[in-house]
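Computation of the quantities below employed the complete heavy-atom set of this structure, encompassing side-chain atoms and omitting hydrogens, waters and symmetry-equivalent molecules. Proteins come first, then strands; the chains are lettered A, B, ... in the order of their sequence lines, and each starts at number 1.
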Amino acid sequence: MSRVLVGVKRVIDYAVKIRVKPDKTGVVTEGVKHSMNPFDEIAVEEAVKMKEKKIASEVIALSIGPAQSQETLRTALAMGVDRGIHIEISGKDYELLQPLHISKMFAKIAQDEKVDLVILGKQAIDDDSNQTAQMTAAALDWPQAVFASAVEKTVEDPPVRQAGAILPDVDALVQKLKEAGHV
Amino acid sequence: MSQRSRVIQLYKTLQYLGREYPVSPEKFRVTCKKTFKNNSKETSPEKIAEMIAKGEYVVKEIESLYALKKYRAMLKRYYD
């Protein structure tokens, strides 16, 4: 049984017509309908499905953003998530927030909450960065699968990671390459 | 829950869902209200139960309609 962390982002609703601010510094967000990022919705659904199949023991939703992000978390809770974590960042800080910061926060939460799997939507429909998931995996030094269309549990024990091992010196590297027959 | 409160709950759910009804949410709202009003004189519990079941079916249909609409929008934006 594993613990699953899912990311949910509060974005402008997909059906809203986006308007650019007159001073061209961004898009109008005040008084505009917001909802959960559709791709994150898929992530939440997948996590809840895993819980129903008894693969996951607990599903935690994490949202980073202004106070209104709570609504997004509530949506996730209504979809069947067990617990929600909200990291409140608002105003100027939120405008400057980049996927790198988000990924570091995700990595920290993943470690603190001792989760075994992080599921994220492939991209957000507002900035379309498609970076958070990959960078989170890098920050945690965990294996990753991107653009997944389905999640299935097939192997009980995944193979131990071989590539990317850190070796003490060049001699050890040469030795290893010789063993593998590359030199 | 009593039948009366179930009907009220159903009406509220439908009105809430109707807010995002494609093309004309207003038309949906009015039609929904009319339908409930037309059947308000119904007294037989069996018939009312039948109508509630029908209403709950409509709720599910609307929910899947919205899900499909969103899915199609995403497909069009990112995969075409």
Side-chain angles (χ1 to χ4, degrees), chain A residues 6-20 27 31-49 52 68 71-72 74-81 99 119-134 146-151, chain B residues 1-37 48-80:
Chain A
V6 281
V8 287
K9 187 178 186 181
R10 174 180 178 264
V11 297
I12 296 176
D13 192 79
Y14 80 100
V16 171
K17 184 114 175 60
I18 304 292
R19 283 185 299 127
V20 177
V27 296
V32 169
K33 192 190 171 207
H34 283 69
S35 57
M36 193 197 288
N37 179 30
F39 294 113
D40 290 345
E41 229 165 77
I42 298 167
V44 172
E45 258 168 46
E46 203 56 53
V48 172
K49 254 190 238 166
E52 281 164 2
Q68 298 97 308
E71 285 159 33
T72 312
R74 277 177 219 281
T75 315
L77 289 167
M79 285 167 83
V81 166
I119 307 180
L120 299 165
K122 73 163 179 128
Q123 67 191 120
I125 60 164
D126 52 359
D127 56 14
D128 287 320
S129 295
N130 181 297
Q131 295 171 353
T132 307
Q134 290 89 332
V146 293
F147 298 105
S149 58
V151 179
Chain B
M1 232 199 298
S2 75
Q3 214 163 27
R4 184 185 152 77
S5 52
R6 276 184 70 195
V7 170
I8 293 167
Q9 198 57 47
L10 179 67
Y11 183 72
K12 281 184 179 174
T13 312
L14 280 168
Q15 289 293 356
Y16 176 76
L17 281 172
R19 283 199 246 167
E20 282 170 59
Y21 202 79
V23 188
S24 170
E26 185 57 22
K27 200 175 157 194
F28 177 88
R29 201 184 68 79
V30 173
T31 320
C32 176
K33 190 176 176 171
K34 254 191 210 157
T35 315
F36 272 77
K37 195 138 197 149
I48 294 171
E50 220 170 78
M51 282 172 190
I52 292 172
K54 197 181 162 196
E56 274 159 3
Y57 173 75
V58 172
V59 169
K60 272 192 206 134
E61 286 284 285
I62 294 170
E63 276 169 355
S64 50
L65 168 75
Y66 289 166
L68 188 70
K69 198 181 152 213
K70 188 181 279 181
Y71 173 75
R72 279 205 179 136
M74 289 301 112
L75 216 60
K76 216 174 146 195
R77 269 182 224 175
Y78 292 101
Y79 297 95
D80 260 3

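- Proximity to chain B involves both the backbone and the side chain of A/Ile125, based on heavy atoms less than 4.5 angstrom apart.
- The stretch residues 58-75 of chain B places B/Tyr66, B/Lys69, B/Lys70, B/Ala73, B/Met74 near chain A, each with some heavy atom under 4.5 Å from a heavy atom of that chain.
- In A/Arg19, the CZ atom is not crowded: 12 or fewer heavy atoms of neighbouring residues, nucleotides or ligands sit closer than 6.0 Å.
- Atom OH of A/Tyr14 is surrounded by more than 12 heavy atoms from other residues, nucleotides or ligands within 6.0 Å.
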Can I get a per-line list of side-chain donor-acceptor pairs under 3.5 Å for residues 7-17 of chain B, giving both atom names and the distance, sequence neighbours left out?
{"residue": "B/Tyr11", "atom": "OH", "partner": "B/Gln15", "partner atom": "NE2", "Å": "2.9"}
{"residue": "B/Thr13", "atom": "OG1", "partner": "B/Gln9", "partner atom": "O", "Å": "2.7"}

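- Rounded to the nearest 0.5 angstrom, B/Tyr78 OH and A/Lys122 NZ are separated by 7.0 Å.
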